[in-house]
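The block underneath contains the structure these notes are about, expressed in structure tokens.
When reading the values below, keep in mind they use all heavy atoms of this one structure, side chains included, and skip hydrogens, waters and symmetry mates.
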There are 2 protein chains.
Amino acid sequence: MTELSKAGVERIIKKAGARRISTDAAEILTELMEEYGTFLSKEAKKMSDHAGRKTLRGSDIRMAAEIFK
Amino acid sequence: MTELSKAGVERIIKKAGARRISTDAAEILTELMEEYGTFLSKEAKKMSDHAGRKTLRGSDIRMAAEIFK
């Protein structure tokens, strides 16, 4: 089950320059964006655990993105 | 300006295993996910242009993700 709204993902595709998009385009991009977000979140969780914190911070997410870019 | 809802991105972080998250974590992950989505959409737009189509399809997004993974 996906968490992001189809409308938001459609706006991202349109802002990137596509005028017409098929119905499956937003669904597929949603899946891919969520996979990426889940991957970064899991890595960020490891960072916050490693730092001995119970709260995952924005800096944990940034560090995960730095490492895996 | 971001397009995704903060609530949806927070759910993604929590599903990845984080129990507590700071307020900036969802904001930063939203930015990163949107950057990724925008990048894939622009590449997918090139694919659909190259194929001589006016409509961007899910298969264009998949091909973009295949190439840049």
Residue part contacting chain B, namely of [X], when any heavy atom lies under 4.5 Å:
X: A:Lys15; result: side chain
X: A:Ala18; result: both
X: A:Ser5; result: neither
X: A:Leu29; result: both

Quick one: of B:Leu4, B:Asp60, B:Thr2, who has the most non-hydrogen atom pairs under 4.5 Å with chain A?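 When all of B:Leu4, B:Asp60, B:Thr2 are compared, B:Leu4 has the most.
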
Using a cut-off of under 4.5 Å for heavy-atom pairs, which of B:Ala7, B:Gly8, B:Ala26, B:Ser22 has the most such pairs with chain A?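 The option with the most such pairs is B:Ser22.
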
Which members of residues 41-50 of chain A, sorted by number, sit under 4.5 angstrom from chain B on a heavy-atom basis?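 The stretch touches chain B at A:Ser41, A:Lys42, A:Lys45.
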
Tabulate, in ascending numerical order, the residues of residues 31-39 of chain A having at least one heavy atom closer than 4.5 Å to a heavy atom of chain B, or enter 'none'.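 Counting heavy atoms that sit under 4.5 Å from chain B, the residues of residues 31-39 of chain A involved are A:Glu31, A:Leu32, A:Met33, A:Glu34, A:Tyr36, A:Gly37, A:Thr38.
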
Working to the nearest 0.5 Å, report the span between [atom1] of [X] and [atom2] of [Y].
X: B:Glu27; Y: B:Glu10; atom1: CD; atom2: CD; value: 9.5 Å
X: A:Arg62; Y: B:Ile28; atom1: CZ; atom2: CD1; value: 4.0 Å
X: A:Lys14; Y: A:Ile21; atom1: NZ; atom2: CD1; value: 5.5 Å

Checking heavy atoms, do the side chain of B:Leu40, its backbone, both or neither come under 4.5 Å from chain A?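 Answer is side chain: those atoms of B:Leu40 sit under 4.5 Å from chain A.
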
Counting heavy-atom pairs under 4.5 Å with chain B, which one of A:Leu56, A:Asp24, A:Val9 comes out on top?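 Highest number of pairs under 4.5 Å: A:Leu56.
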
